[in-house]
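Note that the coordinates shown come from a computational prediction; the quantities given were computed from them, not determined experimentally.
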Amino acid sequence: MDSDKEVCSVDSSGKAIDGNEILEPYVGMEFVSEDAARKFYIDYARRIGFIVRIMQRRCSGVDDKKPRSSAREGCKATILVKLEKSGKWVVTRFVKDHNHPLVNTAQGISVPDDKDKKIEELMVELQHQEQLCAAYRQQLLNFLSNIEEQAEQLSSKVQIVVTNIRKLESGLRKIFTPPR
C-alpha cells in the first residue's frame with residue numbers, strides 16, 4: 001500500500017464515506033459491498049477510457065471460477081477485491097498499466113453514449129450496405145434472366161437453321177441422286 005494513501009471505505013457512489021471523491025483505486029481501498037467495488041471500477045474505467053471485463057469470481061474460499069475467453073490480448077490492467085472478515089471488500093491488487101490505447105472522447109472521457117453513437121453509425125452503414133447488396137443482387141438476377149431469355153431465343157434460331165439445312169440437304173439429295 002502507498003504510504004501517502006490512507007485506507008478508507010467507499011460507498012456505491014464512488015465517494016469515500018468521509019465525503020471526498022477518490023479518483024483512482026489503490027491496494028487497501030475498502031468498499032461496503034462487492035457491487036460498490038464493481039461500480040467504482042466501471043466508473044473509473046469509463047473516465048480513463050477502457051471497458052471492464054469481469055473474468056472470474058470466487059466465493060467463500062471455494063474455487064468457483066468460471067473462466068471466459070479473453071479479448072484483452074495480454075493487457076495486464078486488473079483489479080482484485082477480496083471479502084475480508086470485517087465484511088468489507090478490499091482491493092488486494094491493482095495494476096493500472098494498459099498495453100493498448102485508451103478510448104477517449106473530446107471531453108477526455110468515454111461514456112456509454114459514445115459507444116451508442118458509434119453503434120448507431122455502424123448500423124446505418126450496415127443498412128446502407130444491405131440496400132446496395134440487395135440492389136446488386138437484383139441487377140445480377142435481371143442479368144441472368146436476360147441471358148436465359150437470349151439463350152432460349154438463340155437456341156430456337158439455331159434449331160430453325162438446323163431444320164432448314166436438313167430440308168436443303170434433303171432437297172439437294174433428291175436433285176443430285178440418280179434414280180434407281
Identify whether Val124 and Leu132 are in the same connected component of the hydrophobic contact network (ILVMFWY, side-chain heavy atoms under 4.5 Å).
-> no
Are Tyr26 and Val90 co-members of a hydrophobic cluster defined by side-chain heavy atoms under 4.5 Å apart?
-> no
Measure the spacing between CZ of Arg93 and OG1 of Thr78 and express it to the nearest 0.5 Å.
-> 5.0 Å
Considering all heavy atoms of both residues, which atom of His98 and which atom of Cys75 are nearest to each other, and what is their separation?
-> ND1-SG, 3.5 Å
Taking side chain as C-beta onward, heavy atoms only, is Trp89 less than 4.5 Å from Glu84?
-> no
Can a salt bridge be assigned to the pair Arg38 and Glu34 using a cut-off of 4.0 Å between side-chain N and carboxylate O?
-> yes
If we only count heavy atoms from C-beta on, is the Leu80 to Val91 side-chain gap below 4.5 Å?
-> no
Phe94 reachable from Ile42 in the ILVMFWY side-chain graph, under 4.5 Å edges | yes
When the aromatic ring centroids of Phe40 and Phe31 are compared, is their separation below 6.0 Å?
-> yes
Please answer: with hydrophobic residues joined when any side-chain heavy atoms are less than 4.5 Å apart, are Val161 and Leu154 in the same cluster?
-> no
Met123 vs Ile119 side-chain heavy atoms within contact, under 4.5 Å = yes
Measure the spacing between CG of Leu126 and SG of Cys133 and express it to the nearest 0.5 Å.
-> 10.5 Å
With sequence neighbours left out, which residue pairs that include part of residues 134-157 fulfil the side-chain hydrogen bond (donor to acceptor under 3.5 Å, both in side chains) condition?
-> Gln138-Asn142
Gap between atom NZ of Lys117 and atom CG of Leu122 - 0.5 Å precision = 14.0 Å
How many angstroms lie between atom CD of Glu120 and atom CD of Glu125, to the nearest 0.5 angstrom?
-> 12.5 Å
Below 4.0 angstrom, N of the basic side chain to O of the carboxylate: do Asp35 and Lys39 qualify?
-> no
Minimal heavy-atom distance between Thr92 and Lys82, with the atoms involved, is CG2-CB, 3.8 Å
